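This structure is a prediction, so every number in the text was calculated from the model and none was measured. Throughout, a chain's letter reflects where its sequence line sits, starting with A, and its residues are numbered from 1. Note: hydrogens, waters and symmetry copies are ignored here, and every other heavy atom, side chains too, is used.
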2 protein chains.
Amino acid sequence: MDYFGSEVTRLIEKLSLLPGIGQKTAQRLAFHIIHMPEDQVEEISSAMVSARKNVRYCACCCTLTDRELCPICASPSRDHSTIMVVETTRDLAAYEKTGKYDGVYHVLHGAISPMMGIGPSDIRLKELMTRLKGDVSEVIVATNNSLEGETTAMYISRLIRPSGIKVTRIASGVPVGGDLEYIDEVTLLRALEGRTEL
Amino acid sequence: MDYFGSEVTRLIEKLSLLPGIGQKTAQRLAFHIIHMPEDQVEEISSAMVSARKNVRYCACCCTLTDRELCPICASPSRDHSTIMVVETTRDLAAYEKTGKYDGVYHVLHGAISPMMGIGPSDIRLKELMTRLKGDVSEVIVATNNSLEGETTAMYISRLIRPSGIKVTRIASGVPVGGDLEYIDEVTLLRALEGRTEL
């Protein structure tokens, strides 16, 4: 497929390394990049290299950040005694977007999955346990509502319970705007089990 | 949204400049890039900058390439007397993938669109007319089957006809594997008009 000359072909090839970017999308992106202002291309390119170089894990909550402590862990206005445990930094971002949660987080970078050979020691659980030695009143487990997420939640609750710290799990049920007719049975049963008084 | 620290936020922002990459996809790409091997990130980044710097238009067919003449125009094994006119370099790539066309191309970089204020002088028509002074036996118009593509095809055929060079248009009809039941009426009529003897 070298009908463009090697530079274009190389760019397409390199862009295909990114997740969810196939041959067609890579081609579309490549042609766009070639037509972009040169300084914009340089900005994207340097943002990539510099983020890859400087981003590391927050020393406290293990999220991705370019500082020793992430902005959330460093903020005095957050409630540091409430820790929400999430699987990925993207899940953290999702809760931050609600703008209503003022506790802190702990990012596991994965979930326990015997099928995939991921055990408790492969995710950031040790770091979580270390944090619990401080002044913590509640751990909210917000792992995904999947087999792995549920397994991880169960494991965490058993691990923490002896310490007397309150462990909670985010609710499972019908999503807002969800039409009962189209919701699967398991979710419907979960919603029934988790019903609250009006 | 600066809960990651500025490096991650900046990368997400810069990636969102690319077409079809929204906030969510940019975030997914950014986290992937941060976890990629450092040399791979540098390769993608330098491919972008270098392609943007070195890619230009082929002096003959106006496609994008990093040489004076693109590999197709420079190839002695192609039939240089047959020119296929396409709207974009992506369309050229689509026909090259068939592997069956051995003529050369001419890339217009657009189509005539009175609605969008794009006239004949805004696309690479002058360059096409210059090429026709050479030894050309057929011009195949392969612009899109849209209002703009059809307008452009019509315009080109009127422009070239006086010179006596054969001008053809790619066929319009039912796509291979297409089920008649689900094909729109205009296409069905086109297919009927364009019927050929068996």
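- The part of A:R67 that comes within reach of chain B is its side chain, from C-beta onward, which places non-hydrogen atoms under 4.5 angstrom from that chain.
- Between chain A and the options B:I44, B:L29, B:V8, the largest number of non-hydrogen pairs under 4.5 Å is found for B:I44.
- Among the candidates B:I72, B:T63, B:T89, B:L15, the residue making the largest number of heavy-atom pairs closer than 4.5 Å to chain A is B:T89.
- Within the 4.5 angstrom heavy-atom criterion, atoms from both the backbone and the side chain of A:S46 approach chain B.
- Each of A:L18, A:V41, A:T25 has some count of heavy-atom pairs under 4.5 Å with chain B, and the biggest count is that of A:V41.
- Both the backbone and the side chain of A:A93 come within contact range of chain B, judged by heavy atoms closer than 4.5 Å.
- Note on A:K133 versus A:E127: no salt bridge recorded, every NZ/NE/NH1/NH2 to OD/OE distance being 4.0 Å or above.
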Intermediate values then yes/no, salt bridge (charged side-chain N to carboxylate O under 4.0 Å, His left out), A:E150 and A:R190: CA-CA 13 Å; A:E150 291 285 276; A:R190 282 281 180 88; 3.2 Å; yes

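- Using modelled atom types and a 3.5 Å distance limit, the side chains of A:D79 and A:S81 yield a donor-acceptor pair.
- When B:S45, B:G20, B:G99 are compared by the number of non-hydrogen pairs under 4.5 Å with chain A, B:S45 comes out ahead.
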Working for side-chain contact (heavy atoms from CB on, under 4.5 Å), residues B:L128 and B:I83: CA-CA 9 Å; B:L128 175 63; B:I83 300 179; 4.2 Å; yes

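- Of the atoms belonging to B:S6, heavy atoms from both backbone and side chain fall under 4.5 Å from chain A.
- Side-chain contact, A:S75 with A:S77: a donor N or O sits under 3.5 Å from an acceptor N or O.
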Test side-chain contact (heavy atoms from CB on, under 4.5 Å) applied to B:I170 and B:Y95, step by step: CA-CA 12 Å; B:I170 54 167; B:Y95 256 103; 3.7 Å; yes

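- Of the listed residues (B:E38, B:R28, B:E13, B:E42), the greatest number of heavy-atom pairs within a distance under 4.5 Å of chain A belongs to B:E38.
- With respect to chain A, the highest number of heavy-atom pairs below 4.5 Å among B:A51, B:A30, B:A47 belongs to B:A47.
- Classification of B:E96 and B:R78 as a salt-bridged pair holds, one side-chain N sitting under 4.0 Å from a carboxylate O.
- In the model, A:H106 has no side-chain atom that pairs as donor or acceptor with a side-chain atom of A:R124 under 3.5 Å.
- The choice from A:M48, A:K53, A:R52 that makes the most heavy-atom pairs within less than 4.5 Å of chain B is A:R52.
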